[in-house]
Structure formats: C-alpha cells, structure tokens
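By convention in this document, chain letters (A, B, ...) are assigned in the order of the sequence lines, proteins followed by strands, and residues within each chain are numbered from 1.
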Amino acid sequence: MSKIAHVIVDVPIMQTDQPFTYLVPQEIDEAVEVGVRVEVPFGNGNRHIQGFVVGIDFLNNQTEDSDQLKPLVGVLDLHPVVNDELLQLADEMAKTTFAFKITCLQTMLPSVMRSTYKKWLVAVKDVPQHIEEEVFLGLGERDWEEIKESSYLSELHRLRQAGCVDVRYEVTTKNKVKTMKVVTANLPREMLLDIQANTRKNAHQKHRLLNFFIDAQEGEFSVKELVEEHDLSRQVIKEAAELGWLLEEEREVYRDPYKDRVFQQDEALVLNDEQQVALDRVTKATSENKNEVFLLEGITGSGKTEVYLQAISNVLDEGKTAIMLVPEISLTPQTVTRFKRRFGDKVAVLHSGLSQGEKYDEWRKIERKEAQVVVGARSAVFAPLENIGLIIIDEEHETSYKQDESPRYHARNLAIWRGEYHRCPVLLGSATPSLESRARAQKNVYHLLQLTKRASDNAILPTVSVVDMRRELKQGVTGSFSTPLLTELTERLEKKEQSVLMLNRRGYSSFMMCRDCGYVLPCPNCDISLTLHMDTKSMKCHYCGHEEGIPQCCPICDSKKIRYYGTGTQKVEEELQQLLPDARILRMDVDTTRKKGSHERLLQKFEAQEADILLGTQMIAKGLDFPNVTLVGVLNADTALNLPDFRSSERTFQLLTQVSGRAGRGEKLGQVIIQTFNPEHYAITLAKNQHYEAFYQHEMNLRRQGKYPPYYYTVQLVVSHEEELQAAKKMHEIANKIKQALTPQAIILGPTPKPMARMNRRYFYQTVIKYRFEENLGRVLEEILQESQKDIRSGLRVSIDMEPQHFI
DNA sequence: AGCACGCCGACT
DNA sequence: GTCGGCGTGCTC
C-alpha cells in the first residue's frame, strides 16, 4: 500500500489550478502530511517547483496507476504551514475572487515561504575540453542564467541528449530560523565546586565561569550575553563545553522588533454606559459561541478602542484567541503600544514596516500558540490562530481592506467566513461605516451598536467651519492658505498650541508645465504627467515608477519658462514657511516617511512638541492622538469630489470626519477649518456637522437612484494589451458574451477605456456590471476566464474584480 | 510558467 | 539535408 499526495503546484495559470498526484517515497513517508509544502518535479522537463499538499491517499494495488505518478522530491516543512481551516479558506477565496488556488495559498503565508527557483547546468562525463573551460570554468556546474545567452547553446543541447551534461533544478525557501547559542550547567553544583577546587588559581577565566554557574545554578544563558556582560571569553566557554561542564545548544530566537522597548502594563478603563452595552453584547456572543456580525458605529473619540480591548480581554479569559485588523496606515506605534500595554507578550503584530524575517517570526509566534492576540493589517486575517473567539475590524470602511491585486479578496468577507468557521462574532467598527455595512445593519443582518458620546466627559466635539475658497480667490488669495486659516494658525503659534494640516492628495499632483506652449512633461509608459520630487531632484511617475531628470527647458519649444504647477506637500511647506517664518513645520508624506522608522520618528518629534505644525497627506488623518493639537486644517477638501467614482462623496465625507476628529483630543477646545471650492456639497456640509446619519440617508438615496451599491452588486472586468485595438476588441467580445448571458435587469456599463487608459505601456479597457440577482453570472465569468487563457500568449490580460473599490 | 515537440524557411 | 526560428500543447 503506497502513500500518495495531492499537491497544488506553484504554476499560477488556469490549466494547472487543481491538485496533481504524486507518489510519496518511503523515506519521507512520515513527514508528508496535509498542509506541508513539498518540492515536486513538474512537466516534461521535470523542473522542480514548490507545492502544497492538500490531500493524502493510499493506493492498494500498486500495479494500477502508480507507475504513471512521479515521486515527490522532498518536504520543505517539518509541520503543516496551513491547517484544515486555512485550506478551506483558500478554496473559498479562489472561488469567490476568481483567483488561482496557489496564489491564495501563497497570500496567506509570510513572503519568505515563497520558494525561489534556480537552474544549474551540471557536467556529468566526457565533457569536451573547450566546454569544460569556457562554460563550466572548471567548476563542474554553472548557473543557467549566466550561460543561456552563450553561443554554445546548441552544443550543450546535444551534450545533454548524449547524457554528458544535465540540468539540476533548485528550490529554495528563505524561511530561515534565527538561532542563538546557549549554555546550561551540565553538572550538579557540588561537582562544579569540586572542579573549581582542582582548577589552577591563575586560571582566572575558568574561575569566573565556574563561579558564575555555581551562583546561578540553573537556567540558560546565551553565549553572547556571557561574553558581553559577564566578562567571559568565547574560548573558555567552548573549552568548558568540551570538558563537559556546560551543555551547548542552539536555541531559536525571534527577531522581536519591539525588544528594546518596555511597555508599561495598563488596566482597563471605566466604560460609559454606551460602551458597556456594546461590550456586553459582544461578550455575550463570544461566550455563547454565536456567530454574529456587529457594527460598532461610534463618533471619533467615543472610545471604540477601549471596547475592543476589553472585548479581547474577555475572550482571552475564556481561553480563546482574537484577531484585530486595522488599516495599514493607522497601524502606528501609538496603536501598537496600546495593545502591548494591555496584553504584553500575548500580542503579535503584523504590518508592512517589518522586515520579511520579522514578519516570519511574528507569524511563527502565532503558529506555535505563543501569541493569542494578533494585531495587523489586511493580511492578518490569515493569522494561523486556533480557537478564535473574536475578530475585530477597525475602520471597517477603509478600502485598503480589499487587496487590489489577485487574489482580490476583501478582509471583511474572509473575517466573516472565519467567524462562521469558529462560531465566533465579528466586530466591525467605524465612525463612518461603509454604506454596505451600515445598510446591512439596517436590515438586521448585522447588529448595530452605537456610541454617540465622547468617552471622556471633558473632551468636547471640535467646532468645524468651512471656508469658501472661491470667495477667497475673489479677495485676492491665490495660495493654499485662506485668511481665516492663517489667522488661526498664527494664534496657535502665539498660544504655543499645535496644528495639523492635511493636503488631500487624491486626484492631485504637481507637474511641470511650459508657460509658453503649455507642454506638460508626460510619463513615456503611462497616460499621466510626471510628478516633481524635490528630495530626489527628479520627475517620477506615480504609476509605473519611471524616473527622469528635471527639465531645464521645454522639450518642445525650448522655452526656459518651464515651471511646476499643482500643490505638492513640499510646495505647500515652502509657501507656509514664507507666510509664517517662525513656525516649525514637520512635513509627513511618502517622501519623508519612506525610510523604515521615519514615520515613527516624525510623530515622536511632533508629540515632544519640537514642531508647531504637522503638514501631511491622508496618512495624518487616522489614529493620531495628540492632546496639544487644537487646530486642524484641511487645505483642499474637494479634490476627490470630482473623480468619476460613485464612492467619491463617501470617501470625502469619511476623510473629513476622520481628520476633524484629530482636533481637541485633550482638554482644550479643538477647531477644524475646511477649505473648499464646493462649500455647499452635502459631503462637506454634513462632515462639518459630523452628521453621519444624515449623510447615510442622503447617500443611500443617491445610490438607490443611481443603482449603485449597496442596492446593486458590481463586477469590474478589465482587459489590457500593449495595442489599444486588441484590448478594445477583446473587451467588446467579452461584454457581448455577458450581455447575452444576463437578464435584462443587469446593467452593463461600457466597454470604455479606463480613465487611466494607458499604464506601464499597456492599454486598459473596462466593463462594469451592476446587478441584483444573476444566476448565470458566476458561470459566465468562469467561462470568460477559461477562454481568455488561449489569449494570454498574444499578450492579452483579463481580470475580474468582484465589488471593486476603485473605478479609476 | 517553462519545457519539449513539431513544422517551416535559410543555410552549409 | 540540418540548424534554429517560433507556434502549440501539456504538465500527476
């Protein structure tokens, strides 16, 4: 009876999106189980690739078809890296997002566990001398990448046929475990004393070492620590180990990014009655194992986080675990500290600021059940926790919870799936819930919990005023700062209070334009203008990363009057510095926060009041909590309003509400000034009044009329090709096919070129489908994907995005 | 994806 | 007649 394994192989295409069956060699029989990664030979050439074991079987009669199966090469893991639940989740994800199973599986794991491949040419026998010298350089083996262009290729091909040379495939996975050498006393205390008595007096090192272990008696000590802090040499430790006094061992260590920080433990705060009601409802669901979804709608400052913390604490008390998702952008040191203070070592943090190795270590901490609470961004929804008692998604309206590449999953949906699996509640929280979630709460699909009061009594809602920039313009203000905003800023400087200024970068950038002929410097690959970056002194494309020098004169008319336009943070900073020469300004944007830890340093500086004004993009809108900030200014509230996206009002409202919440977090009264060219727009007037409910009603009405989510579902199909005609043709073909399969109730928008029609030298066409009930939709989309496979060779790419978050 | 196979034109 | 170009099919 021979063991066989069903394996999902690392070839992300449709034809291989299914398990392949391999024989399990006797020698590694024990190690091969469901959920481990394996190395398998694949295809005609038997190149070696990584795969995931998704099933195990046994063959009774060996004669039948076992001779058609290839044996797998080896095992890459000692223990399964995906359990049964996550395997099921991968299947679910593949099905609902139209992604490949292998892509889903890889997405769930830290990136270090993705294998890299290398091909070697190996000399076997009778290799001609000139090949030996020119190709193998006398080494007997050569990296294929280095010789695949060589002129000996055909000769090598013949030699391979003759068996003189061979190809070796290498699969490497970088999930290295960091280790540390530790020593323990290997002999009882009496014997150590005995040894010490017989050791020469002038062997100072040995005496010191023996004394140390006689005093310390038990415990493990790292060699590094002994050398650095107890004045012992590596040599004497090694000798002691050889003599059998000490026992040397390699210990795994975690790269703990927070190892140098001491987190002072804190205690649960007293909740107000609203918070208490919310907590009780959630806790009741967790302890009764009820799979319910709660929507916690609470104004900024209403203490949602404290409810999360106490709910998690209750879950831990029941011996269960919890996941807390926060948007990447608000996974700030402040947030992390808050969790570390409450739960100490029980917390694992997963976010993009960590190195690959650090991420892997945090993941391993979870997998080995050393962490019970996981705090992280989108992908933390895959945390390999068992016995989950609660999943929380903070700022649930954030679009970053949806991945914008394959697999295009929404963390909220997967969290709810896991909630069902574990029979535990899911808690969605936001001051400005997405219309989708809020509507579900309305229909009692989710349970609505509301926090309407600020948590601490002395914190009052800030006053919000809107400045009409059209009027300012008429009065001769041409810059980024209105008179009221400047007045307030000046006043804050005098009072030694701090201000936060936000520049809404969405739909905005600073570009070079010739004043004489109007020429705008474009990206050679994409359909947009290049953006000026002063820090690197270059022009960059925000879409494809193309970079070139700053032009000194216009490439078309040769005029020297080529200047930059638009409002980047750097330019605003300069403008502000001129207006307020004494102000200490901190700029925070992608340029000043690119380096690791710089984000944190900037905030610390601001917190220590080493600056008066924090000027930044969207990233300052979330989660920051500085008591001395009494003024928040939004320089351009409406740049996003004009984008061709039905969610642009919703985004603007959310952003303004959120940034307003940054003012007056302490005891002083806060003020918010919103500058806009659309002062009557409902997204702005309602944000001014912090009136979510009214916004919800108004926007729902528009969505109903416009047949948009949450009344309708949406799918976006995108076709791209290097030639515009090819992309357009295929898109029309697909759109026609869809039209035929769907009911007349479905609304098909397009095909149209995407607003950003060319990106990375490719042309994009899209079709959006709005629908309510379409039985055939899933099947047709599957067919479209299937049929598009043969077009891949001609350079066509087709993507399907269920419930897209961005339409541009 | 990446490998082998097979069918064509250009060359010894 | 053969070398190497690229289009096609398949991968346990």
Side-chain angles (χ1 to χ4, degrees), chain A residues 2-26 28-29 32 34 36-76 94 99-107 114-122 143-163 165-173 405-407 721-722 726 785-799:
Chain A
S2 48
K3 192 169 172 176
I4 56 171
H6 302 291
V7 177
I8 299 285
V9 293
D10 184 10
V11 182
I13 52 158
M14 222 160 185
Q15 292 101 307
T16 55
D17 192 33
Q18 47 165 348
F20 285 78
T21 311
Y22 287 88
L23 283 173
V24 179
Q26 208 82 68
I28 52 171
D29 186 331
V32 177
V34 172
V36 295
R37 293 174 305 153
V38 287
E39 179 178 337
V40 295
F42 196 68
N44 276 337
N46 278 326
R47 71 203 160 96
H48 291 188
I49 55 174
Q50 189 194 78
F52 287 83
V53 177
V54 294
I56 295 286
D57 257 323
F58 295 93
L59 281 184
N60 289 324
N61 43 348
Q62 265 119 321
T63 49
E64 199 187 329
D65 49 4
S66 69
D67 49 338
Q68 288 163 36
L69 301 180
K70 293 178 185 175
L72 47 82
V73 179
V75 190
L76 299 175
F100 307 120
K101 291 189 180 74
I102 188 67
T103 322
C104 296
L105 286 164
Q106 316 246 53
T107 305
R114 186 168 301 191
S115 290
T116 49
Y117 305 117
K118 209 168 174 182
K119 188 177 166 182
W120 296 88
L121 193 68
V122 190
D143 186 339
W144 182 259
E145 283 301 305
E146 294 171 9
I147 52 170
K148 68 174 181 201
E149 311 272 281
S150 95
S151 52
Y152 299 108
L153 222 54
S154 49
E155 195 173 354
L156 290 170
H157 198 75
R158 275 191 298 275
L159 287 168
R160 189 173 173 206
Q161 230 106 79
V165 300
D166 202 2
V167 170
R168 183 170 69 86
Y169 295 95
E170 196 178 270
V171 174
T172 28
T173 172
E405 59 186 56
S406 179
H721 194 272
E722 289 194 4
Q726 294 294 319
L785 223 47
Q786 199 69 251
E787 285 166 20
S788 71
Q789 291 304 297
K790 59 183 193 308
D791 301 318
I792 289 178
R793 276 220 166 85
S794 64
L796 262 165
R797 273 181 232 160
V798 176
S799 86

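Side-chain nitrogen and oxygen atoms of Ser154(A) include at least one within less than 4.0 Å of the OP1 or OP2 phosphate oxygen of dG4(C). OP1 or OP2 of dG2(B) has not a single side-chain nitrogen or oxygen of Tyr169(A) nearer than 4.0 Å. Contact check, Lys119(A) against dC3(B): a side-chain N or O comes under 4.0 Å of OP1 or OP2. Phosphate contact (OP1/OP2 of dA4(B), side-chain N/O of Arg160(A), threshold under 4.0 Å): present.
Atom C1' of nucleotide dT11(C) and atom CD of Gln68(A) are separated by 14 Å, given to the nearest angstrom. The NZ-P distance, from Lys118(A) to dG2(B), rounds to 16 Å in whole Å. In this structure, the CG atom of Asp17(A) is 18 Å from the P atom of dC10(C), given to the nearest Å. Atoms CD (Gln161(A)) and P (dA4(B)) sit 9 Å apart, rounded to a whole Å. The CD1 atom of Ile102(A) sits 14 Å away from the C1' atom of dT11(C) (whole-angstrom rounding). Nucleotide dA1(B) holds its P atom 14 Å from the NZ atom of Lys148(A), rounded to whole Å. Atom CG in Asp791(A) sits roughly 12 Å away from atom P in dT8(C) (whole-Å rounding). For Glu155(A) and dC3(C), the CD to P distance is 12 Å, given to the nearest whole Å.
Residue Ile13(A) holds its CD1 atom at 12.0 Å from CD1 of Ile102(A), rounded to the nearest 0.5 Å.
Where Ile792(A) and His157(A) meet DNA chain B, the nucleotide closest to each residue was compared, and Ile792(A) sits on the side nearer the 5' end. Of the two residues contacting DNA chain C, namely Phe20(A) and Asn44(A), the nearest-nucleotide position lying further toward the 5' end is that of Asn44(A).
The existence of a salt bridge linking Glu787(A) and Lys790(A) is excluded, since no basic side-chain nitrogen approaches an acidic carboxylate oxygen closer than 4.0 Å.
Across all their heavy atoms, His48(A) and Pro41(A) have their closest contact at CD2-CA, 4.0 Å.
Remark: the backbone N or O of Ser794(A) is paired with a side-chain donor or acceptor of His721(A) at under 3.5 angstrom. The closest donor-acceptor contact from the side chain of Lys3(A) to the backbone of Asp29(A) lies under 3.5 Å.
Among dG4(C), dT11(C), dG9(C), the nucleotide with an atom closest to any side-chain atom of Phe42(A) is dT11(C).
Below the 3.5 angstrom threshold, one finds a donor paired with an acceptor across the side chain of Arg793(A) and the base of dG2(B).
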